[in-house]
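Below: the structure, in C-alpha cells.
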Amino acid sequence: MNTELMKKLSNIEPYVPGEQPKGEGIIKLNTNENPYPPCQGVLKALKEIKADSLKLYPDFVCKELKGVICENYPVKENEFFLGNGSDEVLALCFKAFFNSEKPVLFPDITYSFYSVWTEFFNIPYKTVPLNEDFTINAEGFLTENGGIVIPNPNAPTAIYEPKNSIENIIRQNPESVVIIDEAYVDFSEEGSIAELIHKYENLVVVQTYSKSRSLAGIRFGYAFANPELISVLEGVKNSFNSYTINTVTRILVAEGGKDRAYFNECVGKIKKTRTRLTAELSKLGFKTCPSSANFIFTTNPEIDCCKLFEYLKTRKVFVRHFDKPKISNYLRITIGTDYEADVLIKEIKGFLKEK
Ligand SMILES: *Cc1c(COP(=O)(O)O)cnc(C)c1O
C-alpha cells in the first residue's frame with residue numbers, strides 16, 4: 001500500500017480477547033464466562049420472541065428492564081445507564097468523563113482494555129503500581145489526576161479492595177470522576193458500592209450481565225451514577241449510536257434479572273468450586289491470590305507456568321496467560337463446574353509428572 005494512504009489509517013493497538021475455541025470436549029476456563037446456563041425465564045422468553053418484532057428499531061426507553069434493575073439495586077430510573085456490554089459502557093464513560101490534560105490513573109496490572117481506550121480517545125494516563133502482594137496501592141490514587149478507573153475486584157488478580165479504601169479514594173478526589181468497574185463484584189463477600197452514588201457526585205459504578213448472570217452472549221452492561229453524570233453519558237451515547245440495546249437483549253435481560261434464587265444458587269456453586277480448586281492447587285505447590293471473583297490468579301514458583309499454559313491447551317483445557325512484566329509466571333483460571341475443575345487438576349498433575 002502507498003505510504004501516503006497508510007498514514008491516513010489507524011495504527012491503534014487493539015485489546016486481545018481470550019480465544020473462543022470450538023469443538024468437542026473443550027474445557028474453556030479462559031474468558032471468565034459462567035459455566036451455568038441462564039435462568040429458565042430467559043429460555044422461555046427467548047422462545048416467545050416474535051420475529052416480526054425485529055423489523056422495528058429497538059425500544060430505547062427499556063421501561064421493564066429498568067424496573068428490574070431498580071428492584072435489584074437501590075437506584076432510581078434516572079441514576080443508571082444501559083449499554084451493549086460493560087465494555088461499551090466503560091468506553092463511553094472514558095469519552096464522557098475523562099477530558100483533562102492531567103493523566104487518568106489506573107493500576108499497572110489491571111483490565112487491559114483501559115489503556116486501549118485511553119489511546120483510542122487520546123486521553124493521557126499514568127499507571128499506579130500494585131503493592132508487592134498485588135493489592136491496590138490506594139495511596140497512589142491520592143495525587144493530581146484527570147480521572148480514575150479501578151476494577152473491584154481487580155482483574156486479573158481477583159483481589160477485592162475493601163469498601164472503606166475505595167470510598168477514601170472517591171472522597172479524596174472530588175474534582176475527578178472515579179469509575180469503579182464491578183464486573184466481578186457478585187462473587188465477593190463485601191459486595192457492591194452502588195449505594196455510594198447517593199453520597200458522591202463523582203462516582204460511577206459499572207456492572208455487567210456477562211459474568212454472574214450467565215449472559216455474556218447477549219452483551220449487556222450498565223452504569224450507576226447521579227443523574228447529572230448519567231445525562232452526560234446519554235449525550236455521548238446519542239452522539240455515536242442511539243440503539244445500543246437490541247430488542248432481543250432488552251427482553252432477555254429483563255428476565256435474567258428476575259430470578260434471584262437461581263442467581264444466588266449459581267454464584268454459591270462457583271464460590272464453592274473456587275474454594276475447592278484453590279485448595280487442590282495449593283497441594284500441588286501453587287500460590288493463589290485471595291479471590292473474590294469467578295476466576296483465580298495463581299502461580300507455581302517451581303514451574304514455568306507459560307509452559308503449563310501451552311501444555312493445557314494441547315489437552316484441550318484453555319486458561320489465560322499474560323506475557324507481561326511481574327505476572328508472566330501466573331495463570332488466570334476461570335472457575336467452571338466441579339467437573340471442569342477435576343479435569344484441570346488431573347491435567348496439571350499430568351504436566352507435573354512429565355516435567
Ligand atoms: C469482563 C470484563 C468487562 C466487560 O464485560 P462485558 O462483557 O463487556 O460486559 C469489564 N471489565 C472487566 C474488569 C471485565 O473483566
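Read the numbers this way: they start at 1 and go in the same order the structure lists the ligands and their atoms. All heavy atoms count here, side chains included; hydrogens, waters and symmetry mates do not.
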Look at the rings of Trp117 and Phe113 and say which category their plane angle falls in: under 30° parallel, 30 to 60° tilted, over 60° perpendicular. parallel

Within the distance-only criterion (no hydrogens, no angle test), does the side chain of Thr334 pair as donor or acceptor with the backbone N or O of Gly336 below 3.5 angstrom? no

Residues in side chain to side chain donor-acceptor pair (under 3.5 Å) with Ser242, at least two apart? Asn238

Hey, what polar pairs (N/O, under 3.5 Å) does ligand 1 make with protein?
from, atom 1, to, atom 2, distance (Å)
ligand 1, 5 (O), Ser86, OG, 3.1
ligand 1, 7 (O), Ser210, OG, 2.6
ligand 1, 7 (O), Arg219, NH1, 2.8
ligand 1, 7 (O), Arg219, NH2, 3.3
ligand 1, 8 (O), Ser86, N, 3.2
ligand 1, 8 (O), Asp87, N, 2.9
ligand 1, 8 (O), Asp87, OD2, 3.3
ligand 1, 8 (O), Arg219, NH2, 2.7
ligand 1, 9 (O), Ser86, N, 2.6
ligand 1, 9 (O), Ser86, OG, 2.9
ligand 1, 9 (O), Thr208, OG1, 2.6
ligand 1, 9 (O), Ser210, OG, 3.3
ligand 1, 11 (N), Asp181, OD1, 3.4
ligand 1, 11 (N), Asp181, OD2, 2.7
ligand 1, 15 (O), Tyr184, OH, 2.5
ligand 1, 15 (O), Lys211, NZ, 3.2

Under 4.5 Å between any side-chain heavy atoms of Asn241 and Tyr243, yes or no? yes

Between Tyr184 and Phe295, how do the two ring planes meet: parallel, tilted or perpendicular, split at 30° and 60°? perpendicular

Students often mix this up, so state it plainly: with edges at 30° and 60°, are the rings of Tyr209 and Phe220 parallel, tilted or perpendicular? perpendicular

